[in-house]
Amino acid sequence: MKIIFLGAPGAGKGTQAERLSQDLSIPTISTGAIIRQAIQGQTPLGQQAAAYTKTGALVPDEVMIGIIQERLAQPDCAGGYILDGFPRTIEQAEALERLGIKLDAVIEIQADDEFIVARLAGRRVCPVCGATYHMTNRPPKDGVHCDCGGELIIRADDAPETVRNRLAVYHQQTEPLIDYYRHHGRFISVDGTQQVETAHRQILAALRK
Ligand code: AMP
């Protein structure tokens with residue numbers, strides 16, 4: 001299975017992708033996570049990407065296409081994968097086609113801007129294991145630390161003014177992909193403001209059809 005998740009930042013793509021990845025036993029490839037790791041490790045890619053992510057802008061297409069091409073060539077992707085955060089532009093979607101990748105499903109997670117701003121204000125991430133929490137909706141077991149023991153932090157790009165910019169970038173550059181994929185094979189649209197479990201069940205049911 002090769003599946004793409006589309007939706008605004010904070011709509012719940014990552015959470016749903018992780019759940020589905022466990023059910024289908026295929027990896028989730030999150031380009032955002034790859035970029036954050038590179039920035040943390042101060043690799044040449046990280047140094048190049050930091051200036052873009054800091055303001056909520058997209059990293060240039062040619063850089064992202066190179067990253068995804070390299071990642072999808074790894075052995076763990078041989079049996080399929082879920083893409084979370086790629087493609088984010090029409091140019092990136094066309095690059096996937098040029099690579100000959102045939103998608104089994106494109107899943108859109110919907111949520112409006114006000115809901116997202118509120119949700120991202122409560123989001124915390126663990127820099128040790130990468131887990132994501134929401135302080136109200138999905139708190140860690142002890143209410144403070146990651147379940148792995150790590151110190152939870154607010155993602156730099158979850159600051160409210162950066163979130164607004166990321167949403168503007170989403171509407172301008174990524175939203176056109178919804179029309180692009182609506183006419184390409186299996187397109188599934190799910191409400192991202194409902195309970196994680198409910199949205200997850202709807203995705204599974206739509207995939208089984
Ligand atoms: P995310 O965690 O998916 O919200 O990604 C965090 C940041 O990484 C984004 O705001 C972009 O700066 C960058 N990024 C992730 N995926 C892509 C992509 N496919 N194209 C361009 N930039 C990306």
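Order of listing sets the numbers, starting from 1, for every ligand and every atom in it. The chain is numbered in sequence order, starting from 1.
- Using a 4.5 Å cut-off on side-chain heavy atoms (C-beta onward), I82 and F5 make contact.
- Taking 4.5 Å as the limit, some side-chain heavy atom of L167 sits within range of a side-chain heavy atom of V117.
- In summary, the atoms of ligand 1 found under 4.0 Å from a heavy atom of T53, numbered by their order in the structure, are 7 (C), 8 (O), 12 (O), 13 (C).
- From the protein, the heavy atom lying nearest to atom 2 (O) of ligand 1 is R36 NH1, 2.9 Å.
- Within the 4.5 Å cutoff, side-chain heavy atoms of E175 are placed close to those of I178.
- For Q172, the CD atom sits in a loose shell: 12 or fewer heavy atoms of surrounding residues, nucleotides or ligands are nearer than 6.0 Å.
- Checking R88, R166, Q173, K54 against atom 9 (C) of ligand 1, the nearest heavy atom belongs to R88.
- Atoms of ligand 1 found under 4.0 Å from any heavy atom of R155, numbered from 1 in the order shown, are 1 (P), 2 (O), 4 (O), 6 (C).
- If you number the atoms of ligand 1 from 1 as listed, the ones under 4.0 Å from a heavy atom of G85 come out as 16 (N), 17 (C), 18 (C), 19 (N).
- For a threshold of 3.5 Å applied to N or O pairs, the pair formed by V59 and ligand 1 contains at least one separation below that value.
- K13 does not count as a contact of ligand 1, since none of its heavy atoms falls under 4.0 Å from the ligand.
- When A57, G32, P87, A50 are ranked by how near their heavy atoms come to atom 11 (C) of ligand 1, first place goes to A57.
- Geometrically, ligand 1 and I35 share no nitrogen or oxygen pair separated by less than 3.5 Å.
- The residues R164 and D113 are annotated as not salt-bridged, no charged nitrogen and carboxylate oxygen being separated by less than 4.0 angstrom.
- Residues H200 and T15 are not in side-chain contact: their nearest non-hydrogen atoms beyond the backbone lie 4.5 Å or more apart.
- Of all protein heavy atoms, the one closest to atom 16 (N) of ligand 1 is T31 OG1, 2.8 Å.
- At least one side-chain heavy atom of I65 sits under 4.5 Å from a side-chain heavy atom of Q92.
- A side-chain N or O of S189 and one of E108 form a donor-acceptor pair less than 3.5 Å apart.
- For Y52, no nitrogen or oxygen atom sits less than 3.5 Å from a nitrogen or oxygen atom of ligand 1, counting backbone and side chain alike.
- For ligand 1, the atoms closer than 4.0 angstrom to any heavy atom of Q92 are 18 (C), 19 (N), 20 (N), 21 (C).
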